Engineer: 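Mind having a look at this structure? Questions to follow.
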Amino acid sequence: MKKIIAVLLSVLLLFSALSVVSFAEGEDEEKPIYKITFVDYDGTPLGSRQVPQGEIISAPENPARAEDKENKIEYIFKGWSADGGATTYSANTLPLATADVTYTAVYAENKKGDNLTFWQLVASIFARINKIFEYFNKLFDFDFNRP
């Protein structure tokens, strides 16, 4: 009698396990797949990805834009934008996939020569202070070198 009960319990456990596995498989519905495209500022394709809905989007390596030597402008990569630059995402902060989308590389312009070194800034400040002294010297006819 004990053997019959043991066999029945084993069969019951086997069917229970099979029904749980088949139930779990039924829950795993196929997610929609979205096409995520990356382009440079001028529309040059930089890559695309097929990403399931709700998954993390991985961006390609940060692109580089050639500098404009004529106007002395260099370009610094800021991130990716899907709305013309109003919202910019870094490669690590792209939103989860919810629709087909195209991300465009966004760059910041840096005019060469605009960045003064510390000593250039100090020299500029002293030159302005000197002009102030010259102005007051002429205004009040005061000679700072006179005892």
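Just so you know, residue 1 is the first one in the sequence shown, and it goes up from there. Keep in mind it's a predicted model, so treat the numbers as computed, not measured. Note that these values count all heavy atoms, side chains included, but never hydrogens, waters or copies made by symmetry.
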Engineer: Measure across Ser81 and Val106 and return the closest heavy-atom pair with its distance rounded to 0.1 Å.
Structural biologist: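 So the minimum-distance heavy-atom pair works out to CB-CG2, 3.5 Å.
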Engineer: For Asn92 and Ser90, test the side chains for any donor-to-acceptor distance below 3.5 angstrom and give the result as yes or no.
Structural biologist: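 The criterion, which ignores hydrogens and geometry beyond distance, is not satisfied for Ser90 and Asn92.
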Engineer: So, do Trp80 and Leu94 sit near enough that their side-chain heavy atoms are less than 4.5 Å apart?
Structural biologist: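 Yes, side chains in contact.
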Engineer: Where the side chain of Asp83 meets the backbone of Ala86, is there a donor-acceptor pair that is under 3.5 Å apart?
Structural biologist: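 Checking the backbone N and O of Ala86 against the side chain of Asp83, a donor-acceptor pair under 3.5 Å is found.
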Engineer: Does atom CD1 (Ile56) have a neighbourhood of more than 12 heavy atoms from anything else shown, all under 6.0 Å?
Structural biologist: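 Open.
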Engineer: Take Thr102 and Val39 through the side chain to side chain contact (heavy atoms under 4.5 Å, CB included) test and state the conclusion after the steps.
Structural biologist: CA-CA 7 Å; Thr102 298; Val39 297; 4.0 Å; yes
Engineer: Does the side chain of Phe38 come within less than 4.5 Å of Thr104's, by heavy atoms?
Structural biologist: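 They are not in side-chain contact.
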Engineer: Can you tell if the side chain of Tyr34 reaches within under 4.5 Å of the side chain of Gln53, non-hydrogen atoms only?
Structural biologist: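 Side chain of Tyr34 against side chain of Gln53, heavy atoms only: contact under 4.5 Å found.
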Engineer: Which atom pair, heavy atoms only, marks the closest approach of Ile36 to Ala97?
Structural biologist: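 Shortest heavy-atom separation between Ile36 and Ala97 comes out as CD1-CB, 4.5 Å.
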Engineer: To the closest 0.5 Å, what do you measure between CG (Asp100) and CD1 (Ile33)?
Structural biologist: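 The CG atom of Asp100 sits 10.5 Å away from the CD1 atom of Ile33.
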Engineer: Hey, could you give me the CD/CD distance between Glu109 and Glu74, rounded to the nearest 0.5 Å?
Structural biologist: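 Spacing of CD (Glu109) from CD (Glu74) equals 11.0 Å.
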Engineer: Does the Lys NZ or Arg CZ of Arg65 fall within the cation-pi geometry relative to Phe77 - under 6.0 Å from the ring centre and within 45° of the axis?
Structural biologist: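 No - Arg65 does not lie over the ring of Phe77 by the 6.0 Å and 45° rule.
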Engineer: Can you give me the closest heavy-atom contact between Asp40 and Ala105, atom names plus distance?
Structural biologist: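 Looking at all heavy atoms of both residues, the shortest contact is OD1-CB, 3.6 Å.
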Engineer: Answer yes or no: is there a side-chain heavy-atom contact under 4.5 Å between Tyr89 and Pro95?
Structural biologist: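 With C-beta onward as the side chain, the pair touches.
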Engineer: Drop me the distance from Ile73's CD1 to Asn110's CG, to the nearest 0.5 angstrom.
Structural biologist: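 Interatomic distance, Ile73 CD1 to Asn110 CG, rounded to 0.5 Å: 9.5 Å.
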Engineer: Is the backbone of Lys35 close enough, under 3.5 Å, to the side chain of Arg49 for a donor and an acceptor to pair up by distance?
Structural biologist: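 No; zero donor-acceptor contacts below 3.5 Å.
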Engineer: Is there a chain of hydrophobic side chains (I, L, V, M, F, W, Y, each step under 4.5 Å between heavy atoms) that links Tyr41 to Tyr75?
Structural biologist: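 Yes, same cluster.
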Engineer: Considering only heavy atoms from C-beta outward, does the side chain of Lys78 approach that of Tyr107 to under 4.5 Å?
Structural biologist: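 With C-beta onward as the side chain, the pair stays apart.
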Engineer: Counting only heavy atoms from other residues, nucleotides and ligands, does the tally under 6.0 Å from CD of Gln50 exceed 12?
Structural biologist: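 Count over threshold, so yes.
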Engineer: Are Leu46 and Tyr103 joined in one hydrophobic group, where the rule is that I, L, V, M, F, W and Y side chains link up if heavy atoms are under 4.5 Å apart?
Structural biologist: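 Same hydrophobic cluster.
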Engineer: Main chain of Thr44, side chain of Asp42: is a donor-acceptor contact present, judged purely on distance under 3.5 Å?
Structural biologist: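 Checking the backbone N and O of Thr44 against the side chain of Asp42, a donor-acceptor pair under 3.5 Å is found.
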Engineer: Does any part of the side chain of Lys31, heavy atoms only, come nearer than 4.5 Å to the side chain of Glu55, both counted from C-beta?
Structural biologist: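 Sidechains of Lys31 and Glu55: in contact.
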Engineer: Is any side-chain heavy atom of Thr37 closer than 4.5 Å to a side-chain heavy atom of Val101?
Structural biologist: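 The answer is no; the side chains never approach within 4.5 Å.
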